[in-house]
Amino acid sequence: MKEICCIGHITRDRIITCRPPRTVHCAGGTAYYVAWAMQALPHDVDFQVITSVSLDVMPEVEKLRQADIDVVAYQSKTNVFFENAYGENMDNRKQRVLAKSEPFTIEQLSDAEAKVFHLGTLLADDFAPEVVEYLATKGDISIDVQGYMRYVDGEQVKPTVWHDKLRLLKHTAILKVNEHEYYSLTGLSDPHEAAEQIHDWGVREVIITLGSHGSLIFAEGKFYDIPAYTPRETVDATGCGDTYSAGYLYAHVKGAGYAESGRFAAAMCTLKLEHNGPFQHTIDDVWKMIK
């Protein structure tokens, strides 16, 4: 049995930044960023990726395998293609979806065994409710809510209501939301009140990321305020939330408490922010950032 299994599509990404003006074409998606973050850390956590990609993205799967990452890859006729355009403030971005992948199925995940399943939702239909409920019978469910909160209208990514939230949150052990998502989910403007509401819906650990203002964790009736570490330069925010999730889950599985896991995740997130592409540092770099 794996300790952490990340399930999600590996995407084709076009990243556009204005400071400096730059367009970068690369792979992406939660599964991609989490996998490379886990690969950069000591290999003392049993980790697996389950993904679905088209043939033209299969070379990215082979790169992961060559880096000694356990990957189960299913073939999809089409592949998710995101365009992320950032303004001066890297907390804000405009997205377009130029193609989609096929949703994951129970049949594909029937052999998956893990203590924690981290679901990298990119679009609202990536994981049907039945798939999440099935995985919840096998292990803890960790969800980054971003995909459930957006749908594709033509090529434009638009916000949507998570219609199955009450059905699925009662099966969710760990939920990560950002400052916009927690308001959309709860209608509450105060992050502490929103965290308590999400917890009341059944979530064991609620993580609210607040961009440059840090993050907030609510678990076992307590709040933990996590600082945002200052980057040397701000280059690319794509994948920062996924890197945060990887750091949090890694530290948590290793026995760290909520506050320590949050600080570890935040430090990894800041280091990732300083460059394009996935996390490329060591655990020593993470501890130096925290200190």
Side-chain angles (χ1 to χ4, degrees), residues 1-13 15 24-76 79-80 82 101-102 104 108-122 126-127 135 138-144 147 174 176 236 238-254 256 261 264-265 267-269 271-272 275-286:
M1 176 181 289
K2 304 297 179 182
E3 290 175 282
I4 302 171
C5 176
C6 180
I7 309 172
H9 297 110
I10 296 176
T11 69
R12 297 166 58 208
D13 284 358
I15 300 169
V24 175
H25 293 266
C26 58
T30 295
Y32 179 82
Y33 284 104
V34 169
W36 281 114
M38 293 295 293
Q39 194 277 336
L41 297 171
H43 295 186
D44 51 3
V45 167
D46 202 356
F47 173 75
Q48 181 184 56
V49 173
I50 300 177
T51 190
S52 175
V53 296
S54 60
L55 280 175
D56 60 326
V57 180
M58 198 62 76
E60 295 296 336
V61 171
E62 293 308 316
K63 290 178 185 176
L64 291 170
R65 288 171 173 160
Q66 289 167 12
D68 202 27
I69 298 171
D70 182 356
V71 185
V72 175
Y74 294 97
Q75 186 176 326
S76 175
N79 209 90
V80 182
F82 272 107
S101 291
E102 297 162 1
F104 290 94
Q108 289 173 330
L109 304 176
S110 61
D111 292 332
E113 299 289 342
K115 294 179 180 177
V116 179
F117 292 100
H118 181 63
L119 306 187
T121 59
L122 300 176
D126 282 352
F127 297 94
L135 290 172
K138 296 185 164 197
D140 283 345
I141 298 297
S142 168
I143 292 179
D144 186 329
I174 303 168
K176 185 174 79 64
D236 181 10
T238 306
C240 281
D242 301 320
T243 303
Y244 186 109
S245 292
Y248 183 83
L249 293 174
Y250 173 85
H252 217 11
V253 165
K254 294 295 293 178
S261 297
F264 190 88
M268 284 186 64
C269 183
L271 289 167
K272 155 64 198 93
H275 59 79
N276 288 114
F279 185 80
Q280 299 171 0
H281 301 270
T282 68
I283 194 169
D284 290 338
D285 295 329
V286 180

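Only a predicted model underlies this, so the values are computations on that prediction, with no experimental measurement involved.
- Looking at heavy atoms from C-beta onward, W36 lies in side-chain contact with L64 at the 4.5 angstrom threshold.
- Rounded to the nearest 0.5 angstrom, T51 OG1 and I7 CD1 are separated by 10.0 Å.
- Judged purely by distance below 3.5 Å, without hydrogens or angles, the side chains of T282 and D284 never pair a donor atom with an acceptor atom.
- For K63, the salt bridge (Lys or Arg N to Asp or Glu O under 4.0 Å) test picks out E60, with sequence neighbours left out.
- In this structure, OG in S76 is found 9.5 Å from CE in M58, a value given to the nearest 0.5 Å.
- Within the 4.5 Å cutoff, no side-chain heavy atoms of N276 are placed close to those of C26.
- Atom OG in S245 sits 11.0 Å away from atom CG in L119 (nearest 0.5 Å).
- Put simply, the side chain of H9 gets close to the backbone of E102: a donor and an acceptor are under 3.5 Å apart.
- With K272 contributing its side chain and T238 its backbone, the two residues share a donor-acceptor pair below 3.5 Å.
- For the pair Y32 and V57, the minimum side-chain heavy-atom distance is 4.5 Å or more.
- Between F47 and V34 the shortest side-chain heavy-atom distance falls below 4.5 Å.
- Distance check: D111 CG to Q108 CD gives 11.5 Å after rounding to the nearest 0.5 Å.
- A donor atom on one side chain and an acceptor atom on the other are found under 3.5 Å apart for D242 and T30.
- The backbone N or O of N79 sits nowhere less than 3.5 Å from a side-chain atom of R12 that would complete a donor-acceptor pair.
- Below 30°, between 30° and 60°, or above 60°: for F264 and Y250 the angle between ring planes is below 30°, a parallel geometry.
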Would you please test V286 and H281 for side chain to side chain contact (heavy atoms under 4.5 Å, CB included) and show each step?
-> CA-CA 8 Å; V286 180; H281 301 270; 5.6 Å; no
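- Counting only distance, with no hydrogens or angles, the side chain of T11 and the backbone of V80 share no donor-acceptor pair below 3.5 Å.
- The two residues V49 and A35 come nearest to each other via the heavy atoms CG2-CB, 3.6 Å.
- Scanning all heavy atoms of the two residues, the minimum distance from A31 to C6 falls at CA-SG, 3.7 Å.
- Residues passing the ring-ring contact (aromatic ring centres under 6.0 Å, His included) test with Y248 are H252, sequence neighbours excluded.
- Side-chain contact check for V253 versus K115: every heavy-atom pair is 4.5 Å or farther apart.
- When the shell of 6.0 Å around CG of D56 is examined, it contains more than 12 heavy atoms from other residues, nucleotides or ligands.
- Between V24 and D236, the closest side-chain pair of non-hydrogen atoms is not below 4.5 Å.
- Between F127 and T121, the shortest heavy-atom distance links the atoms CD1-CG2, 3.6 Å.
- Of all the heavy atoms in T243 and C269, the pair that sits closest is CG2-N, 4.2 Å.
- Nearest approach of G28 to D13, heavy atoms of both residues: CA-OD2, 3.4 Å.
- Counting only heavy atoms from C-beta outward, the side chains of Q48 and V72 approach each other to under 4.5 Å.
- In this structure, CG in D140 is found 13.5 Å from NE2 in H118, a value given to the nearest 0.5 Å.
- Within the 4.5 Å cutoff, no side-chain heavy atoms of M1 are placed close to those of K138.
- Of the inter-residue distances, the one linking F279 atom CZ with L41 atom CG reads 6.0 Å to the nearest 0.5 angstrom.
- Residues E3 and D44 approach most closely at OE1-O, 4.0 Å, considering heavy atoms.
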